[in-house]
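Input: a single structure, listed below in structure tokens.
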There are 2 protein chains.
Amino acid sequence: MTKRSPSPEAVTAWARLMRVSRQLVEKTEDALKASGLPPLGWYDVLHELAEAGEGGLRPFELIDRVLLAQYGVSRLLARLEADGLVEKLPVSDDGRGQTVRITPSGRDMRRRIWAVYGASIAELMGDRLSAKELEMLAGLLGRLRDPPVTD
Amino acid sequence: MTKRSPSPEAVTAWARLMRVSRQLVEKTEDALKASGLPPLGWYDVLHELAEAGEGGLRPFELIDRVLLAQYGVSRLLARLEADGLVEKLPVSDDGRGQTVRITPSGRDMRRRIWAVYGASIAELMGDRLSAKELEMLAGLLGRLRDPPVTD
DNA sequence: TCAAGCTTGATGCATTTGCATCTATCCGCT
DNA sequence: AGCGGATAGATGCAAATGCATCAAGCTTGA
């Protein structure tokens, strides 16, 4: 197996990406903590479940959407359920599985998190780049995604 | 305190940034694990110490450079020292402090990690965007950085 | 039909992280 | 000199994560 060297441009872009993404996450997490709200991961799950509607989602469907390992989803859902933000329903045609649905209080929590999360996004991204630049950034990032996106 | 809403462009760019950065980190960590190498955080510290040269760095200087909390640095250095990759020296003019210096075996480890890390960057960034695009990406990300960069 | 193997989700155990706090030293001020 | 507060670094304890494995249910094929 031959190892390749990255170009200087690739290294610079990588370093910026790593540093910036961690800074943004950290600041947002700090804002959430300061408001007594749960971490970002909770929002991701509540968001996906809210979008899924009454039908809910199977835990394994959440794995790819929130980029967590199977056990990560399992335990995060357990915490959300313990807090009454989601509920687990047995699924008729598969005795192993369950369907997870967001509860009213889960929807409420999602809104409360978004008030802070959204403000953080507005401050950290919206205030620093124009709409055109944001689209360009999203486009470039889309090409790094797996699977790559070409919009 | 009035909460603001982010623009759709900002939300899209944010979502892409979050997802892509996590995917890239995950793939790179997987590659390191597959080679029996330590995680990315180890590289960051070894890299900073290698750049610092024989003079080494004080632990508190690493905090901002590697974006870790104070206790994170303290414990990561303890692990690196236990593995013989760095050494801690008392510092003459401050009895509280210490200077951390990379060892030859630390330099070697840094090289071994880079062989995999660099290849990962080349594959995940270099292969997907042109040099021009990488520069543009770095420029946009630089504006999101704290403190913002205007190069 | 039923054994072999796959999928879904949970969990025991070790490592890592986060938070709060601690010790030791240093600095500034009176 | 000596007190009060700040700074450097470590650490006890709780929570979260990673890894391996498990149990239960499903599917396939001889």
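Every chain is numbered from 1, with letters handed out A, B, ... down the list of sequences. It should be emphasised that the depicted structure is a prediction, and the values quoted were computed from it without experimental measurement.
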For [N], does OP1 or OP2 lie under 4.0 Å from any side-chain N or O of [X]?
X: B:Lys88; N: D:dA10; value: yes
X: A:Arg79; N: D:dA15; value: no
X: B:Lys33; N: D:dG18; value: no
X: B:Tyr71; N: D:dA10; value: no

- Query: What nucleic acid atoms does B:Gln70 come within less than 4.0 Å of, heavy atoms only: base, sugar-phosphate, or nothing?
  - Reply: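 Answer is base: heavy atoms of B:Gln70 come under 4.0 Å of a base.
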- Message: Within the 4.0 Å heavy-atom criterion, would you say B:Gly97 contacts the bases, only the backbone, or no part of the nucleic acid?
- Response: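 If one applies the 4.0 Å heavy-atom cut-off, B:Gly97 turns out to touch the sugar-phosphate alone, with no base involved.
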Closest to side chain of [X], choosing from [options]:
X: A:Gln98; options: C:dA10, D:dG9, C:dT11; answer: C:dA10
X: A:Phe60; options: C:dA10, C:dT16, C:dG9; answer: C:dG9
X: A:Arg96; options: D:dG9, C:dG9, D:dC26; answer: D:dC26
X: B:Ser74; options: C:dT11, D:dA10, C:dT8; answer: D:dA10

- Message: Is the ring pair A:Tyr117/A:Trp114 parallel, tilted or perpendicular, if the boundaries are 30 and 60 degrees?
- Response: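 If you compare the ring of A:Tyr117 with that of A:Trp114, the planes turn out perpendicular.
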Let me know the distance between [atom1] of [X] and [atom2] of [N], rounded to the nearest Å.
X: B:Asp94; N: C:dT25; atom1: CG; atom2: P; value: 10 Å
X: B:Leu77; N: C:dT16; atom1: CG; atom2: P; value: 14 Å
X: A:Glu81; N: C:dG9; atom1: CD; atom2: C1'; value: 13 Å
X: A:Leu68; N: D:dA16; atom1: CG; atom2: P; value: 13 Å
X: A:Leu80; N: C:dA10; atom1: CG; atom2: P; value: 12 Å
X: B:Leu89; N: D:dG9; atom1: CG; atom2: C1'; value: 15 Å

- Query: Who are the salt bridge (charged side-chain N to carboxylate O under 4.0 Å, His left out) partners of B:Glu29, not counting sequence neighbours?
  - Reply: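 B:Glu29 satisfies salt bridge (charged side-chain N to carboxylate O under 4.0 Å, His left out) with no other residue.
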- Item | Distance in Å, B:Leu144 CG paired with A:Leu129 CG, rounded so as to fall on 0.5 Å steps |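 Here the rounded value is 4.5 Å.
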- Task: Please tell me which of A:Trp42 and B:Arg58 maps to the more 5' nucleotide of DNA chain D, matching each residue to the nucleotide holding its nearest heavy atom.
- Result: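 The residue closer to the strand's 5' end, by nearest nucleotide, is B:Arg58.
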- Query: So does A:Met136 have more than 12 non-hydrogen atoms from other groups sitting under 6.0 Å from CE?
  - Reply: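 Count not over threshold, so no.
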- Quick one: the side chain of A:Arg75 and the base of D:dG18, do they pair up donor-acceptor inside 3.5 Å?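 Yes, a donor-acceptor pair under 3.5 Å.
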- Carefully, step by step, assess A:Leu68 and A:Leu62 under the rule side-chain contact (heavy atoms from CB on, under 4.5 Å). CA-CA 8 Å; A:Leu68 280 183; A:Leu62 279 166; over 6 Å; no
